[in-house]
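Structure record follows, encoded as structure tokens.
Nothing here was measured: the structure is a model prediction, and the numbers come from that model. Any value given below was found using the heavy atoms of this structure, including those in side chains, with hydrogens, waters and symmetry copies removed.
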Amino acid sequence: MKKVFLFLFICVFLVGCQQSTDQNTTMDSNIESEVAFFPDIEMGLTLKEALGIAHKEALKWNKEAMLYSGTSVDKDKAPTGMDGRRKHWNIEFGIPGKTDFYLVTIRDGKVLDKVHVPNGMDDAMPKSQFISKVEDFKYDTPELLKVAQKTTKIYPGDTFAKGYNFGFTKHLQKNVPIVKVIGWDQAKKNMIYLMFNAVTGELEDDFEREQYKN
């Protein structure tokens, strides 16, 4: 699966570059606005809110599309995510038994772009490796960020991976979705990852990884 992750990284990078160069040209004029208005003037979304919008868009592409993985995107000039919401999200989908890959990019509460890559994955994966539905997430990023802050000393980034970031994946052994809360140590040298069970809210794993600022 190394090729898959490399491909996903390249795809997300290209989408980010495309957004920064010409946001207007990537907007599909036929996309109905999915915007849900919140007090946050920056239109930040929680993970579940972003998943709901992205999943509806993916089902337009293919009725069998299922959640695979995703993450918030570090494109804000100032640190954000302090309340568990982010403006930018990349949500990835696949189809059980096929190698199709589908990426939905969200910004400011609505779909900004979408990319379909036939044979984008090295191997066809069974249904058990995907997340069935958004409703599988019983816990969301605002409350899990508060738990993370009580669990360990975690700080928002200031230059690279600014603020707090979030993501999700599938825990194959326990067959549950995992919500990732990502921050920094106080020295801003190591990134801290806390992996929460999205069904029970329990901490499944945590680790640190050394990073280098841009």
Applying side-chain contact (heavy atoms from CB on, under 4.5 Å) to Thr105 and Val111, what does each step give before you reach the verdict? CA-CA 6 Å; Thr105 298; Val111 174; over 6 Å; no

Audit row: Lys153, Asp185, salt bridge (charged side-chain N to carboxylate O under 4.0 Å, His left out) steps and yes/no: CA-CA 7 Å; Lys153 292 183 178 180; Asp185 63 5; over 6 Å; no

How long is the straight-line distance from CG of Leu51 back to NZ of Lys56, given to the nearest 0.5 Å? 12.5 Å

Distance-minimising heavy-atom pair for Asn165 and Ser72: OD1-OG, 2.8 Å

State, yes or no, whether a side-chain contact exists between Met191 and Phe160 at a heavy-atom distance under 4.5 Å. yes

Ion pair check, Arg85 and Glu49, cut-off under 4.0 Å: yes

Which heavy-atom pair separates Ile131 from Pro177 by the least distance, and what is that distance? CD1-CB, 3.7 Å

Taking side chain to side chain donor-acceptor pair (under 3.5 Å) as the criterion, tell me which of Asp140, Thr141, Asp83 meets it with Thr46. Asp140

Pairwise distance CG(Asp206) to OG1(Thr152) - rounded to 0.5 angstrom: 6.5 Å

Consider only side-chain heavy atoms of I, L, V, M, F, W and Y, link residues closer than 4.5 Å, and tell whether Trp184 and Phe207 are in one cluster. yes

side-chain contact (heavy atoms from CB on, under 4.5 Å) between Phe101 and Glu92, worked out: CA-CA 7 Å; Phe101 168 75; Glu92 300 155 6; 3.7 Å; yes

Could you give the distance from CD1 (Ile106) to CD1 (Ile53), rounded to the nearest 0.5 Å? 5.0 Å

With sequence neighbours left out, the residues meeting side chain to side chain donor-acceptor pair (under 3.5 Å) with His171 are none

Examine the side chains of Asn190 and Glu210 and answer whether a donor and an acceptor come within less than 3.5 Å of each other. no

May I ask you to check whether Phe93 and Tyr68 place their ring centres under 6.0 Å from each other? no

Please tell me if the side chains of Asp123 and Thr99 come closer than 4.5 Å, counting only heavy atoms from C-beta onward. no

Testing the basics here: between Gly163 and Pro79, what is the closest heavy-atom pair and its distance to 0.1 Å? N-CB, 3.5 Å

Taking the side chain as C-beta and beyond, is there a heavy-atom pair between Val199 and Asp136 under 4.5 Å? no

Would you kindly confirm whether Phe166 and Tyr155 end up in one hydrophobic cluster when ILVMFWY residues are joined by side chain heavy atoms under 4.5 Å apart? no

Can you tell me how far the NZ atom of Lys87 sits from the CG atom of Asp108, to the nearest 0.5 Å? 4.5 Å

Evaluate the side-chain proximity of Glu204 to Lys174: yes if any heavy-atom separation is below 4.5 Å, no if none is. yes

List the residues meeting salt bridge (charged side-chain N to carboxylate O under 4.0 Å, His left out) with Asp74, not counting sequence neighbours, and say none if there are none. Arg86, Lys162

Side chains of Pro96 and Met125: does their closest heavy-atom pair fall under 4.5 Å? no

Pairing of Glu143 and Lys146 as salt bridge, 4.0 angstrom limit: no

With sequence neighbours left out, write down each residue that passes side-chain contact (heavy atoms from CB on, under 4.5 Å) with Asn175, or none if nothing qualifies. Lys170

Is any side-chain heavy atom of His55 closer than 4.5 Å to one of Leu59? yes

May I ask you to test the Phe196-Val181 pair for a side-chain heavy-atom distance under 4.5 Å? yes

Might you work through the side-chain contact (heavy atoms from CB on, under 4.5 Å) test for Lys114 and Glu57, ending with a clear yes or no? CA-CA 9 Å; Lys114 48 208 190 285; Glu57 190 64 37; 3.3 Å; yes

All ring pair (Phe, Tyr, Trp, His ring centres under 6.0 Å) counterparts of Tyr139, not counting sequence neighbours: none

Atom CD1 in Ile154, atom CD in Glu208: separation rounded to 0.5 Å? 9.5 Å

I'd like to check the ring pair (Phe, Tyr, Trp, His ring centres under 6.0 Å) partners of Phe168; sequence neighbours left out, ordered by chain and number. Phe137

Value rounded to 0.5 Å, distance of CD1 in Ile95 from NZ in Lys127: 13.0 Å

Contact between Ile192 and Leu194 at the side-chain level, heavy atoms closer than 4.5 Å - yes or no? yes

Please determine whether side-chain contact (heavy atoms from CB on, under 4.5 Å) holds for the pair Asn62 and Asp100, giving the CA-CA distance in whole Å, both sets of side-chain angles, and the decisive distance to 0.1 Å. CA-CA 10 Å; Asn62 192 297; Asp100 291 71; over 6 Å; no

Would you say that more than 12 heavy atoms from the other residues, nucleotides or ligands in this model lie under 6.0 Å from the CD of Gln149, or not? yes

Residues at least two apart in sequence or cross-chain that pass ring pair (Phe, Tyr, Trp, His ring centres under 6.0 Å) with Tyr102, listed by chain then number, are Trp61

